[in-house]
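Every chain is numbered from 1 and lettered A, B, ... according to where its sequence line falls, protein lines coming before strand lines. When reading the values below, keep in mind they use all heavy atoms of this one structure, side chains included, and skip hydrogens, waters and symmetry mates.
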Amino acid sequence: MALINLAAREINYKIVYYGCGLSGKTTNIQYIYRRVNPSARGRLVSIATEEERTLYFDFLPLSLGTVKGLRTRFHLYTVPGQSFYNASRKLVLQGVDGVVFVADSQVARLDENVDSYLNLWDNLMEHGEDPSNLGIVLQLNKRDLSSIFSVADLSDLLNHTESPVIEACALTGVGVFETLKTVCKQVIAKSSHL
Amino acid sequence: MAGRKGLVINDGQMQLIDGVLNKLQRVTGSNFVALVTTSGQPITTAPPHADADTLSLAALAAGSFAATRQLAQVLKEREFSLLFHEGRESNLHVMQVTEQILLLITFGRETQVGRVRLYTGRAVEVLKPVFEAAENTSGDEQIVDRDYSREAGTAIDAWFPGESDG
């Protein structure tokens, strides 16, 4: 649900990074925070455990500047990936405009990826969201590691919406901004069809 | 669950909303009043240029309120419609206006909680129909049009730095 404030000439979009535990969602957000122009970002808020695992969400507001007289902002959120935090994931998805599904490419993480992907669709359906209204990107993370699935295999399993697929290594930043640009453009395109 | 709804606030609605917030701030003697969405996006504040990180505040208050609603469900309570945080120097009161809107008010120890609750309740009664009208507005196609999408796409390409190996 994009929020359009005509009086303040402002538009806000909400993008959620989803995926299983340790897939690299927070790493994406932290990389963006470090590399983006400080004048265009707000504070990075993290609600995490003492072991730095996400407990509720990470939040990073980004300002794109003024487009056609409208100040345009993207609010980036992550969800906690661990399976027992589903109540929190559901809450963070509320009012979402775009989803980045961050998959861990390692062979050993296949079951967790599939569980998380199915959980995403269950939670979107509970919110009454029609996926065709959302911007969706599949990011295949950890492509620098050995023992990983091919892009084709992971796409078959985790991309029934035929959304854009981007290979990444979030730790070093490869694919991080490409993912962000793609999902930002998608949510803007979709918001004109609300 | 409710389907996907847009929220478009026009100039007239915003003038009315800001008027209510300014009055609420004045009569309660509070430091800061804000309206945010339940998905964590700020709408407006009184005073308008308050010295507060409203983006973080909106995200955290919405998250906190959402968790509180879930607590109500777990406890088989129909709803917890307000949230109150008591601090040493200041307090935060969060109240639901509509399904999509929350009202935040911060005030110091010199302000009585009962006074804040009374006037906040009255403000919510005025704000509720305004936001219910805004939630049913679907005029955003004229705002987020093809030109906007194209210009935003160009801005996104130019603004975010290129790929890096860190």
Side-chain angles (χ1 to χ4, degrees), chain A residues 1-8 11-12 14 31-32 34-37 40 42-43 45 47 56-57 59 61-62 64-68 70 72-73 75 77 87-88 90-92 94-96 125-130 133 171-178 180-181 184-185 188-189 191-194, chain B residues 1-15 17-18 37-44 53-56 58-60 62-64 66-67 69-70 73-74 100 135 137-141 143-149 151-157 159-166:
Chain A
M1 179 199 73
L3 167 66
I4 302 174
N5 187 337
L6 289 178
I11 183 161
N12 294 289
K14 180 173 182 176
Y31 184 84
I32 293 164
R34 285 199 306 272
R35 299 303 295 251
V36 88
N37 186 338
R43 185 192 305 184
V45 175
I47 304 180
Y56 197 170
F57 58 77
F59 168 68
L62 292 178
L64 179 65
T66 302
V67 178
K68 267 195 82 186
L70 281 173
T72 303
R73 282 204 203 104
H75 293 185
Y77 287 80
S88 308
K90 222 182 288 181
L91 298 179
V92 176
Q94 192 174 323
V96 68
M125 282 177 67
E126 276 201 42
H127 279 302
E129 290 289 359
D130 177 354
N133 286 331
L171 261 182
T172 57
V174 173
V176 170
F177 279 107
E178 189 186 347
L180 179 61
K181 285 179 185 181
C184 287
K185 287 180 185 176
I188 286 172
S191 69
S192 58
H193 304 296
L194 270 174
Chain B
M1 294 290 288
R4 188 173 179 78
K5 285 194 289 189
L7 179 63
V8 183
I9 303 163
N10 63 35
D11 288 343
Q13 289 165 327
M14 196 49 128
Q15 270 184 12
I17 291 165
D18 281 335
T37 68
T38 49
S39 60
Q41 298 168 337
I43 298 169
T44 188
D53 180 356
T54 48
L55 295 177
S56 301
L60 290 168
S64 184
R69 288 177 80 181
Q70 292 303 306
Q73 279 194 10
V74 171
Q100 293 192 57
E135 286 167 10
T137 305
S138 58
D140 49 329
E141 291 92 334
I143 306 151
V144 184
D145 57 10
R146 199 168 288 179
D147 284 350
Y148 176 88
S149 294
E151 280 188 35
T154 307
I156 288 166
D157 283 334
W159 190 79
F160 292 132
E163 288 301 299
S164 164
D165 61 5

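Of the atoms belonging to Gln70(B), it is side-chain heavy atoms, and not backbone ones, that fall under 4.5 Å from chain A. Using a 4.5 Å cut-off between heavy atoms, Arg34(A) does not touch chain B at all. Looking at Thr154(B), neither its backbone nor its side chain comes within 4.5 Å of chain A, counting heavy atoms on both sides. For Leu64(A), the parts sitting under 4.5 Å from any heavy atom of chain B are the backbone and the side chain alike. The contact between Asp147(B) and chain A is made by backbone and side chain atoms together, counting heavy-atom distances below 4.5 Å. In this structure, chain B has a heavy atom under 4.5 Å from the side chain of Ile47(A), while its backbone stays farther away.
Rounding to the nearest 0.5 Å places CZ of Arg43(A) at 8.5 Å from CG of Leu60(B).
Among Gly12(B), Ala62(B), Gly63(B), the residue with the largest count of heavy-atom pairs under 4.5 Å with chain A is Gly63(B). Contact count versus chain B (heavy atoms, under 4.5 Å) is highest, among Leu180(A), Ile32(A), Ile11(A), for Leu180(A).
Contact annotation: the side chain of His75(A) approaches that of Leu55(B) to within less than 4.5 Å [non-hydrogen atoms, C-beta and beyond]. Between Asp157(B) and Lys181(A) the shortest side-chain heavy-atom distance falls below 4.5 Å.
Ala155(B) and Val67(A) get closest at one heavy-atom pair: CB-CG2, 4.3 Å.
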- Query: Are Ile156(B) and Ile188(A) close enough, and set up right, to give a side chain to side chain contact (heavy atoms under 4.5 Å, CB included), and what steps lead you there?
  - Reply: CA-CA 11 Å; Ile156(B) 288 166; Ile188(A) 286 172; 4.1 Å; yes
